[in-house]
Amino acid sequence: MKFKGKSFIAIVLTPETPADAWFAELDRIISRSPGFFIDRPIILDVRGKKIPIEDLETILAGLGERSIRVMGIDGIAGTRLKPGMPPSFAGGRLATDIEVPDPEGSAASEESDGVDKTETKTLSGSKKSRTEASDRKKPANGIFQKVATSVAADGQSVVITEPVRSGQSVVHPTGDVTVVGSVASGAEVIAGGSIHIYGALRGRALAGVSGNEGARIFCSKLEAELVSINGLYTIADDFADHVVNKPAQIRFDEERLIFESLN
């Protein structure tokens, strides 16, 4: 028997009080990016919170109602957890934060500036507005951080001129996203319109997140972990065999995803 190690990018959620406001912020994130939490490893960080076990049960129930499945809890002794709760986790290393755009983001200022600038709101309620250039210099003080490479905006679309590396998240909920390069495993591209990948798609691609059924996903080589259009998703194990590791397009048709070869 052989044992192998495997690295994953997990989202760490830190509950805040009052819980109703925290859940409201989660709901806003889900409404803007319906597929954001799909099949993601989620860790609940309660270090220093001293949360009563009954309140922790309420938080887990609220996350479950939103289809957010917690794989582990950091900062609580396993002996305090009740049967059926996720196990106690410890020892993880912090990675780059990931942000989700504010549902009330200022699209007008993005177009006028000519630079990809997204107003974001963290789950702690604080707002930050930063350019893509400052994103590369240092992470934000939030739970999520949008990480993008070089972006050229033309109003309704953005062009990423570098590969999207593992742990990076490109979010453009109002139009198309084109990546001139590959999308690594553990990375993701989220778009309100279509997604064009001029390279291998190994991470996650979520198109039409704003309810656009006509959005499509195009890639030069399909090796994705997950693809989604208009909230309907398919994981790698369920991809059609004739498009795996080949140029492909994915489209939404009558509540199902259609996989087609690109000749």
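Looking at Leu201 and Ile217, their side chains come closer than 4.5 Å, going by heavy atoms from C-beta outward. Put simply, the side chain of Arg204 does not reach to within 4.5 Å of the side chain of Tyr233, judged on heavy atoms. In this structure, Ser261 and Lys246 have side chains that are not in contact, with every pair of non-hydrogen atoms separated by 4.5 Å or more. Residues Leu56 and Leu44 meet the side-chain proximity criterion, which asks for heavy atoms closer than 4.5 Å. Within the 4.5 Å cutoff, the side chain of Pro15 has heavy atoms near those of the Val46 side chain.
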Problem set entry | Verdict with supporting geometry, Ile76 and Ile53, side chain to side chain contact (heavy atoms under 4.5 Å, CB included) | CA-CA 10 Å; Ile76 189 170; Ile53 199 67; 4.3 Å; yes
Exercise. Going through the distances and angles, do Thr14 and Lys49 end up as a side chain to side chain contact (heavy atoms under 4.5 Å, CB included)?
Worked result: CA-CA 9 Å; Thr14 303; Lys49 298 290 184 180; 3.6 Å; yes
Exercise. Which is it for Glu260 and Ile258 under the side chain to side chain contact (heavy atoms under 4.5 Å, CB included) test, yes or no, and what are the steps along the way?
Worked result: CA-CA 6 Å; Glu260 298 175 338; Ile258 306 298; 3.8 Å; yes
Exercise. When you look at Leu257 and Phe252, which way does the side chain to side chain contact (heavy atoms under 4.5 Å, CB included) test go after all the steps?
Worked result: CA-CA 5 Å; Leu257 295 185; Phe252 185 99; 4.2 Å; yes
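Proximity of a side-chain donor or acceptor of Ser182 to a complementary backbone N or O of Ala200 within less than 3.5 Å is detected. Glu225 places a side-chain N or O within donor-acceptor distance of the main-chain N or O of Gly186, the cut-off being under 3.5 Å. Not one N or O on the side chain of Thr234 forms a donor-acceptor pair closer than 3.5 Å with the backbone of Val227.
The aromatic rings of Phe239 and Phe259 sit tilted relative to each other, their planes meeting at an angle between 30° and 60°.
Here the closest heavy-atom approach between residue Ala248 and residue Val243 is recorded as CB-CB, 3.8 Å. The minimum heavy-atom distance between Arg202 and Glu223, with the atom names listed, is NE-OE1, 2.7 Å. Scanning both residues, Glu213 and Asn230, for their nearest heavy atoms gives CG-ND2, 3.2 Å. Of all heavy-atom pairs between Ala191 and Gly175, the closest is CB-O, 3.5 Å. Closest non-hydrogen pair, Ala184 versus Ser166, comes out as CB-N, 3.6 Å. Nearest approach of Gln168 to Pro163, heavy atoms of both residues: OE1-O, 4.1 Å.
In this structure, CG in Asp45 is found 13.5 Å from CD1 in Ile11, a value given to the nearest 0.5 Å. Within the model, atoms CG of Leu226 and CG of Asp238 stand 10.0 Å from one another, a figure rounded to the nearest 0.5 Å. For the atom pair NE2 (His172) and CD1 (Ile195), the distance works out to 11.0 Å, reported to the nearest 0.5 Å. With values rounded to the nearest 0.5 angstrom, Arg216 atom CZ is found 8.0 Å from Ser194 atom OG.
Exactly one residue among Ile250, Ile197, Leu262 makes a side-chain contact (heavy atoms from CB on, under 4.5 Å) with Phe218. That residue is Leu262. Applying the side-chain contact (heavy atoms from CB on, under 4.5 Å) test between Ser157 and each of Thr178, Val177, Asp176 identifies Asp176 as the sole match.
Dense packing is recorded around CG of Asp253, with more than 12 heavy atoms of other residues, nucleotides or ligands lying under 6.0 Å away.
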Donor-acceptor list for residues 57-67 side chains, cut-off 3.5 Å, not counting sequence neighbours:
{"from": "Glu57", "atom 1": "OE1", "to": "Lys82", "atom 2": "NZ", "distance (Å)": "3.2"}
{"from": "Thr58", "atom 1": "OG1", "to": "Glu54", "atom 2": "O", "distance (Å)": "3.2"}
{"from": "Arg66", "atom 1": "NE", "to": "Asp27", "atom 2": "OD1", "distance (Å)": "2.6"}
{"from": "Arg66", "atom 1": "NH1", "to": "Gly62", "atom 2": "O", "distance (Å)": "2.8"}
{"from": "Arg66", "atom 1": "NH2", "to": "Asp27", "atom 2": "OD2", "distance (Å)": "3.3"}

